[in-house]
Structure formats: C-alpha cells, structure tokens
There are 2 protein chains.
Amino acid sequence: MSPPFALPAVLHELVRTHQTFLTYAAIHTHTLDLTLPQFDIILTLGNALDMTFKRLGEKTLITKGTLTGIINRLEDKGLVQRVASKTDSRCQILRLTSAGTVLFEHAVPEHLDYVHRIFKGYSPEDIATLEAALLRLRKSVVAGSCVGSGKLVDGVDGWCDKVKDVCKNYQGSL
Amino acid sequence: MSPPFALPAVLHELVRTHQTFLTYAAIHTHTLDLTLPQFDIILTLGNALDMTFKRLGEKTLITKGTLTGIINRLEDKGLVQRVASKTDSRCQILRLTSAGTVLFEHAVPEHLDYVHRIFKGYSPEDIATLEAALLRLRKSVVAGSCVGSGKLVDGVDGWCDKVKDVCKNYQGSL
DNA sequence: ACTATTTTGTTCTAATTAGAACCAAATAGG
DNA sequence: CCTATTTGGTTCTAATTAGAACAAAATAGT
C-alpha cells in the first residue's frame, strides 16, 4: 500500500536505476584499482588534448573542490600530470601520463564493451526514446525550478540559477 | 564531434538528470537545515511504525555503515530516537521524536508540492512510460551483470549477486 | 544441547560530495 | 592607466558513500 506521503514512484525509480548502474560500472573499474570518478576522468582526458580543470569539471560534472582532490590521487597513481598553461598563469593543463595512456587504451574499450551489455535487448529506437525521456525530465526539473519569481520560499534566492548551472549545456562524454 | 571512446549518451543523460534532480530537491531540504539523505529518512520514518535499521536501509538504499552516521546526526538534531527492540536484542527501533513528527507533518507536504512541480507538463501516461523505461533499464543492468558465468574477468566473483543485491525488490517510498 | 553459520548494528577507513573562503591572475570598464 | 570585478585552482569543512572487520545475538543443523 502506498504510504500517505511519498515521492513520485518515477523519481524513486530514477534514483534506484542510477544507483544500480553505478554499482554495475564500479565493479569493473574496481578491477583497475580505480573509482568511478577516477575512471571517468581518465576516459575524459584520453579523449581530448589540453584539458583545463574548468573544462574537465564541466565535462564530468565534478565540482572544482572535489576535482582537485581526485586529480591529486590520480597524480599519486602516476596516471595524470599537471602542466602549467603558457597563456594563462592561473590555469593548469591536465594530461594522461604514458601509464595513463596505456591504461586508457586497454581499459576503456573493455569498459565500454562491459557497459554496452546493458543494452543487449535494446533497439536503437529504444535507446533514443529513453534518452529523450530523460532529457525531457531534466528540462522539466529546470522548468520546475523557474516557476514563479525564482524564489522557493522567502529568503531563498538563486535556486533557479543554481539548477540551471548544473543543467548547463556542454558537449562531451560521461 | 563524438569522441572515439565514450559511454552511451543515454547513460550520460541518466547521470546528469539524476544530478539535476538531486540539486533541485536539495535546495528545498537545505531550507530545513537537512541534507537529502536526512530528509529521506524523516520521510520514511514518518510513513511507518517500528522501523529497524535493516528495513530503513532497504527502503532508502543507504548502506548500513552510512546509515548509522546519519541516524546519529538526526539524533543530535533531536528529530529521531532509537528504542531497543523487545524481541531481538540486536535490533533497534527507529522513531521520529515529537519535533521530528512536527517537521514531518509540515515539511513533507511542502516538499512533495515542490517536487510535483517537475511534472507540471506531464500526463499520467507520460509518467508511467518514463517509470517503465527506467525499470526496464534497471533490469537490463542486472541482466547485463548476469551474462556468462557471473564473472566479469578472471578473479572477480560475485558481481552478479552484488548488482542484484542493490536491485533487490522492496516496497516503499524514496 | 551443542556447534556452526548468519544476522544486526557499530566502528573504521578511504574516497567523494558540495560549496564557501581564499589568493593570484585575467578581464571589464571608465 | 587605474580601479573594480570576475575567474581558475587550492584549501578547508561537514556530510555522505561504500564496504570491511567486529562483537553479540539469533538461527540452522545435527
């Protein structure tokens, strides 16, 4: 029986599906002695040149305070290096080391094969429909943020901007 | 341009939609000086009697090591109390205090109104379709776990059981 | 009745999360 | 050219995450 006060079942399912996926994906990355965020960064750096912290944060959705710590740990593992930018003294360029590149070339195709198993019974249309449904939901969350004056309750400003910031457009992989 | 190695865009969208929803939901719970996991526990305890740690962990998908810490902090806030079980000395029964009940009665309807804004433009069919699609994805993740012998690579056992454990059936709210 | 196994919640650890405060560098504006 | 503002990355904080190890209690099996 449904309790008298409950979040919509669809949101519960969103959280649960997300958690199940993370658990599944982490099982493989743990065999590489990497956490999911660490692997995500290796994947992102392997696909681009001259990545700054700012760009990496945008692509991986990791906030900058957190990102500094993760990069430190990847540096300690010898997989990532920081290079000072020649054009902006505030910036550092992040690159995979030789070991990081070797890991990228071996582990990423393996991981993608592993992840693609999820969609064994899906048609391309099924995948496109699900992706569109999720995008719609994400846009609705942002739209929900913007109802009214932008204030949820008296005294709480800026929440519309905050959700939009998370939702901001960007290109790139997970 | 799509990078040569990337996770399926639909999974990227799942992660992003989930994060956007959490950010949105947290904006409201922060006005109550509660984090999302804390609020989730208040919501769950307010809807049930005689909740044990085990049952609460199952309903909220919070692992037990984490749950102990969150309950401690809610106890410190005077919102939750532990009561020894009369039937099993290992167990403690978790209940909302008077203050916790007052908070539940005021804050939860407000939060549900806030969350329901997301679905302003959705028909009941839209919501049901999305929920079914997410459930299918979650089941596919579990099915992906079970391909082959249950071993991802040599030396890694039990991952099928691990994902199934996360995916285990249960009733209740988020 | 006894032994072996499982279960419940706690403690502990390493990593991540989000975000504020900070400082130096870059940019905007007059 | 100067002042004000914004930006990029670091440091710091509190909370959460996942999961192993543990001890005591309950259950299973003989």
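A quick note: this is a predicted structure, and the numbers were derived from the prediction, not measured.
- Below the 3.5 angstrom threshold, one finds a donor paired with an acceptor across the side chain of T66(A) and the base of dA18(C).
- Across the protein-nucleic acid pair, H18(B) atom NE2 and dT16(C) atom P stand 18 Å apart, rounded to whole Å.
- Side-chain proximity of F53(A) to dG9(C), dT16(D), dT10(D): nearest is dT10(D).
- Within residues 67-84 of chain A, the residues approaching DNA chain D are T68(A), R82(A), by heavy-atom distance under 4.0 Å.
- Side chain of K64(A), nearest nucleotide from dG8(D), dT16(D), dA18(D): dG8(D).
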Write down the protein N/O and nucleotide N/O pairs, taken from nucleotides 3-7 of chain D, whose separation is under 3.5 Å; answer none if there are no such pairs.
unit_1: dT7(D); atom_1: O2; unit_2: R90(A); atom_2: NH1; d: 2.6

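- If you measure from atom NZ of K86(B) to atom C1' of dT8(C), you get 20 Å, rounded to the nearest angstrom.
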Under the side chain to side chain contact (heavy atoms under 4.5 Å, CB included) criterion, do L96(A) and V80(A) qualify, and how do the steps go? CA-CA 4 Å; L96(A) 292 181; V80(A) 160; 4.0 Å; yes
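- One can place CG of L36(B) at 12 Å from C1' of dA18(C), the figure rounded to the nearest angstrom.
- We find that CD of Q92(A) is positioned 13 Å from C1' of dA24(C), with the value rounded to whole Å.
- Separating the CD1 atom of I41(B) from the P atom of dA15(D) is a distance of 13 Å, rounded to the nearest angstrom.
- Remark: F53(B) engages no residue in a ring pair (Phe, Tyr, Trp, His ring centres under 6.0 Å) (not counting sequence neighbours).
- L56(B) places a side-chain heavy atom less than 4.5 Å from the side chain of T44(B).
- Rounded to whole angstrom, the span from the CD1 atom of I62(B) across to the P atom of dT16(C) amounts to 20 Å.
- Using a 4.0 Å cut-off between charged nitrogen and carboxylate oxygen, R55(A) and E58(A) count as a salt-bridge pair.
- When each of C91(B) and S89(A) is assigned the nucleotide of DNA chain C bearing its nearest heavy atom, the one mapping closer to the 5' terminus is C91(B).
- Atom-to-atom, CE of M51(A) to P of dG8(D) comes out at 14 Å; the value is rounded to the nearest Å.
- Its side chain outside the 4.5 Å cluster rule for every partner, L49(A) clusters with none of the Ile, Leu, Val, Met, Phe, Trp and Tyr residues.
- Listed by first and then second residue, the side-chain hydrogen bond (donor to acceptor under 3.5 Å, both in side chains) pairs involving residues 97-106 of chain A amount to none (not counting sequence neighbours).
- For the residue pair D126(A) / S123(A), a side-chain donor-acceptor distance below 3.5 Å is found, with atom types taken as modelled.
- Here the side chains of L79(A) and L34(A) are in contact, with some heavy-atom distance below 4.5 Å.
- Screening residues 69-82 of chain A for salt bridge (charged side-chain N to carboxylate O under 4.0 Å, His left out), with sequence neighbours left out, gives D33(A)-K77(A), E75(A)-R82(A).
- OP1 or OP2 of dT17(D) has not a single side-chain nitrogen or oxygen of Q19(A) nearer than 4.0 Å.
- Rounded to whole Å, atom P of dA18(C) lies 18 Å from atom CG of L34(B).
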